[in-house]
Enquirer: 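Please find one structure pasted underneath; my questions will follow.
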There are 2 protein chains.
Amino acid sequence: MAGIKEIAKMTGVSLATVSRVFNDSPLVSPKTREKVLKAAKELDYRPNMMAAALRSGKSRIIGVIVPEVNNSFFSDIINGIERVVSESGFNIIISQTHELQEKENSALDSFMKLNVDGVLMSISKETTDYGHIQKLIDAKIPIVFFDRPPSLEAINTVVLDNYLGAHIATEHLINNNCKTLLHIAGNSDVGIFNERKRGFLAAIQKHETEVSYQITELKSDATQDLKHLENLFKEHPKIDGIFAFGDEMAIHVLNLLTTLQLEVPKKMKLIGFGNAHFSTLTQPTISSIDQENAHMGELSATLLLQNMNKKQRPTTKILSPKLVERESSKID
Amino acid sequence: MAGIKEIAKMTGVSLATVSRVFNDSPLVSPKTREKVLKAAKELDYRPNMMAAALRSGKSRIIGVIVPEVNNSFFSDIINGIERVVSESGFNIIISQTHELQEKENSALDSFMKLNVDGVLMSISKETTDYGHIQKLIDAKIPIVFFDRPPSLEAINTVVLDNYLGAHIATEHLINNNCKTLLHIAGNSDVGIFNERKRGFLAAIQKHETEVSYQITELKSDATQDLKHLENLFKEHPKIDGIFAFGDEMAIHVLNLLTTLQLEVPKKMKLIGFGNAHFSTLTQPTISSIDQENAHMGELSATLLLQNMNKKQRPTTKILSPKLVERESSKID
DNA sequence: TTGTACGCGTTATCAG
DNA sequence: CTGATAACGCGTACAA
């Protein structure tokens, strides 16, 4: 392993020229360039990014902040991000917040110390204070938010149209002859879950003459939630269509329905949200709303790279979810 | 945001003294230290890790290489790693190989350019050439391999005892009255799958008077594989216990069995490997072998940190898998 | 206990 | 097109 100094010595050219070669400067003759590159191979040259970063102010590192890596939604996104940025020669450094504001603060702090060139982040559920984000913005570090943007002005965001997704899911149930709908809603403190609820309500309203509905928002205690749902199904036997705010919840509901002998999709139709892998592993398979996870990652990364090259005006990209019909919502 | 220079100016002490404060040098009087720390707060001091890294040769970055982030096994491990290293003030940079040797090479190359202080990796299925790893070793960068170590001498590894896990799973089936066992084996090019097969065979041998068995190794084409299994079940109706090499395969088998009206666990008992989250979401829930994913990550990270502090002699840690009994293998 | 001065490996500026 | 040299921000002998 060698640095540019050794190469300069070996080839007899100056440090500056060697540096120019590796920075694709046009100010170097083809034959010197070749000579340098050859020496680089022989000496197994590896640029020291730390030194380059120090001098240039550019680390070629992009910071990524997600709530959890262990969540197929976010890891799909990471895949998308990686695909794009690695093509441009950047490294990504990933931090998890575990939905904690404190972790989010310290992650951003680390990023600044590391001189990251840009940040991609999805804020945690708990985050209410945006001081740490403001610091980043003040430091002129480009940021793109995905999936869960903060409520700030003039920021770059890539989000899914959750409202539309819920609308599609709900209409799908209605189109498939459901008359009494239930929406199992997620924690309403989370923006995207609220959007889904709004989308559900809008679809209901559009078809208000045809259907009736009900909404239940669950707490975090799973076993109690399921008990609650069981009672709800018993009290309201007319319910024949369920839109769950997420796929994992949909699976739990499916299991509950099976236990209660409420056959899916014969007696009860069910649709989730997120198009998680395991939605294809159940029996019946569960219909869902696909959110093109990897695409969201790619788009965010592309937007960030653009901003890193040249300050753009804040952009918001809204992805359109798509219906994925499976067995759980089939008309028989 | 400020550097040590500004702090020196504000407090009237020298750069060296300020530097000493942040490096916890004992050679600073308490009151100077206090003065410096106070100024640091006021000026919102952020050390420039690039500069520190350049100067000290330590980046405080640890490189992590996994085949896929989008795999709950590896993301659990990442969680474990993060927990440990972040406590020691390190950042992790994650690269995925997507099971490609080429990606693995370039990831390690990036790590060297970035001057990572250590590497944690699980080699990809495709990797056969260890030149890139040797380079790392030559550069004296500490490495710990987890889950899938390369066949090299004198390396640090943290692995699961796959042999034992398979043995436990198989004996569990036998103890629960299975007489004719089937092992659905994974690609035998992958070391851990081979270990599982060996464990299965060993358990069979131990009980050879009581049981008969069969092994089928699947190809990569899922639909064809399932067809093959279906035929197998029809030809061998006596099979009453299945040990699948992984949980996802176990789910597919479960679905197939349900379709074939082979009731689980009444007519057929089933156990997987890996204790994936979705094993708890099926009906019936699927028994499995837990491999303490996060713990493996923690252990690997701890071992790496030890090696970074002081060269140790190569260590191999072997984790013991544990049986997780669920409905799919219950005796009725 | 504190300060001075040099160097880490690279890039940028200027002069040639 | 090429070379000499300063500078990036910090750590650390060495001197005081």
Side-chain angles (χ1 to χ4, degrees), chain A residues 1-37 39-40 43-61 89 91 110-117 139-140, chain B residues 1-37 39-40 43-61 89 109-117 139-140:
Chain A
M1 192 188 60
I4 63 173
K5 198 182 291 183
E6 284 82 352
I7 295 185
K9 199 160 292 172
M10 174 174 229
T11 57
V13 299
S14 76
L15 287 177
T17 304
V18 177
S19 173
R20 284 191 190 100
V21 171
F22 296 121
N23 289 299
D24 294 317
S25 161
L27 306 172
V28 54
S29 78
K31 70 176 178 215
T32 3
R33 156 164 288 127
E34 196 135 345
K35 195 165 53 175
V36 168
L37 290 176
L43 296 177
D44 187 24
Y45 168 64
R46 279 214 195 70
N48 182 326
M49 303 204 60
M50 294 297 168
L54 174 59
R55 181 59 236 234
S56 68
K58 265 88 186 58
S59 63
R60 301 198 75 73
I61 295 178
N91 285 96
S110 282
F111 284 0
M112 297 194 71
K113 292 180 195 165
L114 278 171
N115 251 300
V116 296
D117 292 341
K140 309 275 186 215
Chain B
M1 193 186 60
I4 63 172
K5 199 182 291 184
E6 285 81 353
I7 295 185
K9 199 161 294 173
M10 176 175 230
T11 55
V13 300
S14 76
L15 286 175
T17 305
V18 176
S19 173
R20 285 191 190 102
V21 170
F22 295 122
N23 290 300
D24 294 318
S25 161
L27 307 172
V28 185
S29 77
K31 70 177 178 213
T32 333
R33 157 164 287 128
E34 195 136 345
K35 196 164 53 174
V36 168
L37 290 175
L43 296 177
D44 189 23
Y45 168 64
R46 279 215 194 68
N48 183 327
M49 301 204 60
M50 295 297 168
L54 176 58
R55 180 61 237 244
S56 66
K58 265 88 186 58
S59 64
R60 300 200 75 72
I61 295 177
D109 210 60
S110 281
F111 284 179
M112 296 193 71
K113 292 180 194 164
L114 278 171
N115 251 300
V116 297
D117 292 342
K140 309 275 186 214

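Quick note on labels: first sequence line is chain A, next is B, and so on, each numbered from 1. Just so you know, these numbers come straight off a predicted model, no measurement behind them.
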Enquirer: When you check the phosphate oxygens OP1 and OP2 of C:dT10, does a side-chain N or O of A:Tyr45 lie under 4.0 Å from one of them?
Expert: yes
Enquirer: Could you go through residues 1-10 of chain B and list every donor-acceptor pair under 3.5 Å that involves a side-chain atom there, pairing it with any protein atom two or more places apart or in another chain?
Expert:
unit_1, atom_1, unit_2, atom_2, d
B:Glu6, OE1, B:Gly3, N, 3.0

Enquirer: For a 4.5 angstrom cut-off between non-hydrogen side-chain atoms, does B:Phe22 reach B:Val36?
Expert: yes
Enquirer: How about B:Asn48 and A:Lys113: do any of their side-chain heavy atoms sit closer than 4.5 Å?
Expert: no
Enquirer: Can you list the residues that meet the side chain to side chain donor-acceptor pair (under 3.5 Å) rule with A:Ser56, with sequence neighbours excluded?
Expert: none
Enquirer: Name all residues meeting the side chain to side chain donor-acceptor pair (under 3.5 Å) criterion together with A:Ser25; count only those two or more places apart in sequence or in a different chain, and write none if there are none.
Expert: none
Enquirer: What residues form a side chain to side chain contact (heavy atoms under 4.5 Å, CB included) with A:Ser110, not counting sequence neighbours?
Expert: B:Asn91
Enquirer: Given atom CD of A:Glu6 and atom C1' of C:dG9, what is their separation to the nearest angstrom?
Expert: 10 Å
Enquirer: Could you report the tightest heavy-atom contact between A:Met112 and A:Ala139, atom names first, then the distance?
Expert: CE-CB, 3.4 Å
Enquirer: Are A:Val21 and A:Thr32 close enough that some pair of their side-chain heavy atoms sits under 4.5 Å apart?
Expert: no
Enquirer: Mind calculating the distance between NZ (B:Lys113) and C1' (C:dG9) to the nearest angstrom?
Expert: 15 Å
Enquirer: Between the two end axes of the helix from C:dT1-D:dA16 to C:dG16-D:dC1, each built from 5 base pairs, what angle do you get to the nearest 10°?
Expert: 40°
Enquirer: Check A:Ser59 against A:Met49 and note the closest heavy-atom contact, atom names and distance.
Expert: O-CE, 3.8 Å
Enquirer: Heavy atoms within less than 4.0 Å of DNA chain C: which residues of residues 13-26 of chain A have one? Give them sorted by number.
Expert: A:Ala16, A:Ser19, A:Arg20, A:Asn23
Enquirer: Which residue pairs pass the salt bridge (charged side-chain N to carboxylate O under 4.0 Å, His left out) test when at least one of the two sits in residues 12-34 of chain B, sequence neighbours left out?
Expert: none
Enquirer: Any side-chain heavy atom of A:Ile61 sitting closer than 4.5 Å to one from A:Phe111?
Expert: no
Enquirer: If you compare every side-chain N and O of B:Thr32 against the phosphate oxygens of C:dT2 (OP1, OP2), does one of them come in below 4.0 Å?
Expert: yes
Enquirer: Could you go through nucleotides 6-8 of chain C and list every protein N or O atom that sits under 3.5 Å from one of its N or O atoms, giving the distance for each pair?
Expert:
unit_1, atom_1, unit_2, atom_2, d
C:dG7, N2, B:Arg55, NE, 3.3
C:dG7, N2, B:Arg55, NH1, 2.9
C:dG7, N3, B:Arg55, NH1, 3.4

Enquirer: Which nucleotide of DNA chain D is the first, and which the last, in the 5' to 3' direction, to come under 4.0 Å of a heavy atom belonging to chain A?
Expert: D:dC1 to D:dG9
Enquirer: Please, which pairs that meet salt bridge (charged side-chain N to carboxylate O under 4.0 Å, His left out) have at least one residue in residues 45-59 of chain B, sequence neighbours excluded?
Expert: A:Asp109-B:Arg46, B:Asp44-B:Arg46
Enquirer: For B:Ser19, which residues count as a side chain to side chain donor-acceptor pair (under 3.5 Å) partner, sequence neighbours excluded?
Expert: B:Asn23
